[in-house]
Amino acid sequence: MLTNVPKGTKDIMPEQVYKWHFVENKWKAICEKYGFKEIRTPMFEYTELFQRGIGDTTDVVQKEMYTFNDHGGRSITLKPEGTSPAVRAFIEHNMYADVQPTKIYYDIPCFRYEKPQSGRLRQFHQFGVETFGTPNMIADAEIIAIGYDFLKEMGVTDLTLEINSVGCPVCRANHRKALKDFLAPKYDCLCDTCKSRYDKNPMRILDCKSPIDKELVKGAPMMLDYLCEECENAFEELKENLDAIGIEYKVNAGIVRGLDYYTKTAFEFVTDSLGAQGTVCGGGRYDNLVQEVGGPPIPGVGFGLGKERLIMLMEANGAVIPQPVGCDVFIATMGKPAKLYGQKLMRELRLAGLKVQMDDLQRNFKGQFKYADRLGAKYTVVIGDDEISRGAVSLKNMATGEQTDVKFEDIVNAINV
RNA sequence: GUGGGUGUCGGCAAGUGGUCAAGCCAUCGGGUUGUGGCUCCGAUAUGCGUGGGUUCGAAUCCCACCAUCCACCCCA
C-alpha cells in the first residue's frame, strides 16, 4: 500500500515524459498562434462553483467530485473540469472589461472519483480553450478549428468530428416534453438504464446500445427538429463557417453533453481505436454559464481535450513523437588527476550548452564506456595521465568509432552535435 | 456501485499436488589492470498478491480479502 500510487492515478515516468513535453509544447504553440492566452487557475475551488456551474443533478457533481472541508470549514473541491474555474476567473478579474472576446487556454489536472478503466483515471489531464464574449458562431468554428488542427498536427488520423446542437433552455424543454410523450407508452419495454434515464436525461435514450431500445426509439423526436429560430440559425451558421474553413464534420443528433451548462453547439472528436473511451475532445457553447455563476450575461464556448487519451491515440496511430538526445558527451577518466580535470571540463562543456555526463560510481574504464553507451552518448572524451601530460584529450565518435586527438582549448569547437 | 479477466525476480514468462521454482531481457561483476555496442562466464525469488483452510506434502485444490486490467453508467 505504502508503495502504490492511489487507485486511478499514474506516475508519468522519466522515459515517458518526453511525450508529454511534446504535446504540451505543441499545444501552447498552437493556442498562441490562434491568439489565446494561457490562464492558470488553482487546483481546487469552492465546491459551490461546480455545483452551480456543472449542475447539481449531473453525475460529475453528484458522485464524482473530490470534496472535503478545509481547516476553516470551507467546502473545497478538486477541479473535475476546467471550464467553471475559467469562468470564475473571467468574472473575478473583470476580464469582460478588456478587449472582447476573451480567448484563454489552459493545461490542467482534473479529478473525478470514478472506477478506473482504459482511458479513464481519477487524476487525468486536459488541455482546454475558452472564448468569452461573443455569441457569433465564428467563435465556435474557431474553437473547433483549434482542436482539429492540433489533433491533426499530433499525427492522429482516425478521428471524426461530430457536431450537434443541444438548443437553449427554451427549445430543450419543448423537445424533452415531446420525447417523453413519445416514449411514455413504450416505457415498460425500455432497458433498466433507459428507464432511469427517462426522468434524468431522456435524450440519452436516443443513444442506447440495446437493440430493443434502438428499435423503440425509431422515429422519436430529435432535438434538431425542436430548435427555436435562434438556435436553428446558429446551427446553420456553424455549419456554414465550418464549410468555409474546410473542416469536415458529421452531424450526430445523439451527442448530449453530460454537463448542464451547454447550449447550442455541442461537438466531439471521436475515435473507435481507443476502446470504450472514444471521445478525445469534447466541448460546446455555454451562453448562460457566466451569468449562472454570478457574472454578467456573457456567452462562451470552449472544449476540453484529454491528454492521456490523446497520447494513447497518437500511439495507436503510430504518430512519431521525437525523443530528445540524452547525452552529447561522456567523459571517461583514468586516475585521480584525470577525474578532477574531467569535472572541470564537464562544467565548461555544460556552460557551453552541451549535455554532459561522467561516471560517479567509480566504474572501471571499460565500465565507463559501457555506461556511455547506455546513456546514448554521441561522443566520449578520454582523459588519462597521457592526455594530461600532452595537453590534449582523445575524442571518440561513438557511432563511427572514429577517434581524434583534440587540444584542451579546442574541445568545445570539436564537438558537433 | 455492478460484472468479467489477471496476479510466480525490475520486465516478460514456464510450472497446474511431491527432488534445490525453468528460460529470456534488464541489472551488477568478470574474461589479466586505457576504449562501448557483439560474444563468453558468473551473480541475482528460503519464495510464487495477502491471510486462512484441505493434505504426509501446495505456486499448483478451496475460501476470503487486496491489487490491477477491461466493460457497464458517465465523461476527457
Side-chain angles (χ1 to χ4, degrees), chain A residues 1 3-10 13 15 54 57-64 79-83 107-128 147 151 191-194 196-197 200-201 204 207-210 255-259 262 267-271 274-283 302-313 330-335 338 359 361 363-387 393-403:
Chain A
M1 205 59 183
T3 53
N4 285 118
V5 285
K7 195 183 181 76
T9 66
K10 272 201 162 63
M13 298 304 285
E15 61 270 21
I54 300 171
T57 62
T58 57
D59 279 5
V60 171
V61 169
Q62 282 193 339
K63 48 184 210 198
E64 294 174 3
K79 60 182 167 197
E81 56 102 37
T83 299
D107 174 359
I108 56 169
C110 292
F111 306 86
R112 266 133 79 165
Y113 187 83
E114 295 192 85
K115 194 119 179 211
Q117 68 190 76
S118 180
R120 154 178 292 157
L121 293 167
R122 290 184 175 179
Q123 178 178 342
F124 62 101
H125 301 82
Q126 60 175 230
F127 295 131
L151 290 164
C191 73
D192 287 345
T193 45
C194 282
S196 73
R197 283 163 168 161
K200 242 175 65 182
N201 195 348
R204 271 277 164 203
D207 218 13
C208 185
K209 283 154 196 109
S210 150
I255 293 181
V256 184
R257 313 258 74 227
L259 282 50
Y262 286 109
F267 66 90
E268 290 182 357
F269 287 90
V270 296
T271 177
L274 233 48
Q277 267 60 51
T279 302
V280 178
C281 173
F303 70 66
L305 193 158
K307 283 161 79 173
E308 283 84 357
R309 289 182 188 181
L310 169 65
I311 291 170
M312 283 197 297
L313 186 57
F330 186 86
I331 299 174
T333 63
M334 288 285 297
D359 165 64
L361 284 179
R363 272 179 255 253
N364 62 26
F365 196 65
K366 183 175 182 161
Q368 292 183 49
F369 259 88
K370 221 167 191 169
Y371 183 43
D373 194 60
R374 292 305 312 274
L375 292 175
K378 293 167 124 176
Y379 289 93
T380 296
V381 166
V382 177
I383 312 171
D385 294 342
D386 293 356
E387 284 78 6
V393 300
S394 175
L395 182 68
K396 179 168 183 172
N397 181 319
M398 295 297 275
T400 65
E402 182 187 351
Q403 209 158 336

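Atom set for the values below is all heavy atoms of this structure, side chains included, hydrogens, waters and symmetry mates excluded. Just so we're on the same page: letters track the sequence lines, and every chain starts at 1.
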Could you run down the sub-3.5 Å N/O contacts of the protein with nucleotides 2-9 of chain B?
residue: B:rU2; atom: O4; partner: A:K115; partner atom: NZ; Å: 2.7

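- Atom CZ of A:R122 sits about 10.0 Å away from atom CD of A:E64, to the nearest 0.5 Å.
- Following rounding to the nearest Å, A:D107 (CG) and B:rA76 (P) show an atom-to-atom distance of 16 Å.
- Regarding A:N4, its CG atom lies at a distance of 13 Å from the P atom of B:rU50, rounded to whole Å.
- Atom-to-atom, CD of A:Q277 to C1' of B:rC74 comes out at 9 Å; the value is rounded to the nearest Å.
- Rounded to a whole angstrom, the distance from the P atom of B:rG11 to that of B:rC74 is 37 Å.
- Shown here, B:rA76 forms no base pair; nothing in the strands shown gives a Watson-Crick or G-U wobble contact with both key distances under 3.5 Å.
- One C1' atom belongs to B:rG5, the other to B:rC9, and the distance between them is 24 Å to the nearest Å.
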How would you summarise protein contacts on nucleotides 33-42 of chain B per nucleotide, using B for base, S for sugar-phosphate only and - for none, with heavy-atom distances below 4.0 Å? -BBBB-----
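- Residue A:L121 is in base contact, counting any heavy-atom pair closer than 4.0 Å across all strands shown.
- Between the C1' atoms of B:rU19 and B:rA58, the separation comes to 15 Å (whole Å).
- Rounded to whole Å, atom P of B:rA71 lies 13 Å from atom CD of A:E114.
- Between the CE atom of A:M312 and the P atom of B:rC69 there is a distance of 12 Å, rounded to whole Å.
- With a cut-off of 3.5 Å on both Watson-Crick or G-U wobble distances, the partner of B:rU68 is given as B:rG5.
- Residue A:F365 comes nearest to A:A332 through the heavy atom pair CE1-CB, 4.0 Å, listed as atom of the first residue, atom of the second, then distance.
- When each of B:rA76, B:rC74, B:rC69 is scored by its nearest atom to the side-chain atoms of A:K10, the top-ranked nucleotide is B:rC69.
- Taking the C1' atom of each, B:rC48 and B:rG1 are spaced 33 Å apart, rounded to whole Å.
- Taking A:T9 as the reference, A:V5, A:P6, A:Q123 meet the side chain to side chain contact (heavy atoms under 4.5 Å, CB included) condition, with sequence neighbours excluded.
- Counting non-hydrogen atoms under 4.0 angstrom, A:G275 reaches the backbone sugars and phosphates but no base.
- Among the protein residues, A:E81 comes within range of no part of the nucleic acid, since none of its heavy atoms lies under 4.0 Å from any strand.
- Listed here is the closest heavy atom pair of A:M312 and A:S118: SD-OG, 4.4 Å.
- Contact check for A:I383 versus A:I331: side-chain heavy atoms found under the 4.5 Å cut-off.
- The distance between atom OH of A:Y113 and atom P of B:rC74, rounded to the nearest whole Å, is 19 Å.
- The closest donor-acceptor contact from the side chain of A:Q62 to the backbone of A:D59 lies at 3.5 Å or more, if one exists at all.
- Between A:L274 and A:T271, the shortest heavy-atom contact is CB-CG2, 3.9 Å.
- B:rC25 and B:rA43 have their P atoms separated by 15 Å, with the value rounded to a whole Å.
- For A:E114, the salt bridge (Lys or Arg N to Asp or Glu O under 4.0 Å) partners at least two apart in sequence or on another chain are A:R120.
- Atom-to-atom, CD of A:Q117 to P of B:rC70 comes out at 7 Å; the value is rounded to the nearest Å.
- Comparing A:L274 and A:R122 against RNA chain B, the residue whose closest nucleotide sits nearer the 5' end is A:L274.
- Residues A:M398 and A:F330 are not in side-chain contact: their nearest non-hydrogen atoms beyond the backbone lie 4.5 Å or more apart.
- Partners of A:K307 by side-chain hydrogen bond (donor to acceptor under 3.5 Å, both in side chains), not counting sequence neighbours, listed by chain and number: A:E24, A:D107.
- When the P atom is compared between B:rC24 and B:rA14, the two are found 15 Å apart, to the nearest whole Å.
- In this structure, B:rC61 and B:rG53 make a Watson-Crick or G-U wobble pair, each of the two defining distances being under 3.5 angstrom.
- Counting only heavy atoms from C-beta on, A:K7 has its side chain closest to B:rU68 among B:rU68, B:rC70, B:rA76.
- With rounding to whole Å, A:R363 atom CZ is found 6 Å from B:rC28 atom P.
- Scored by the side-chain hydrogen bond (donor to acceptor under 3.5 Å, both in side chains) test, A:T279 finds A:E268 as partners (sequence neighbours excluded).
- Across all strands shown, B:rG36 forms no Watson-Crick or G-U wobble pair with both key distances under 3.5 Å.
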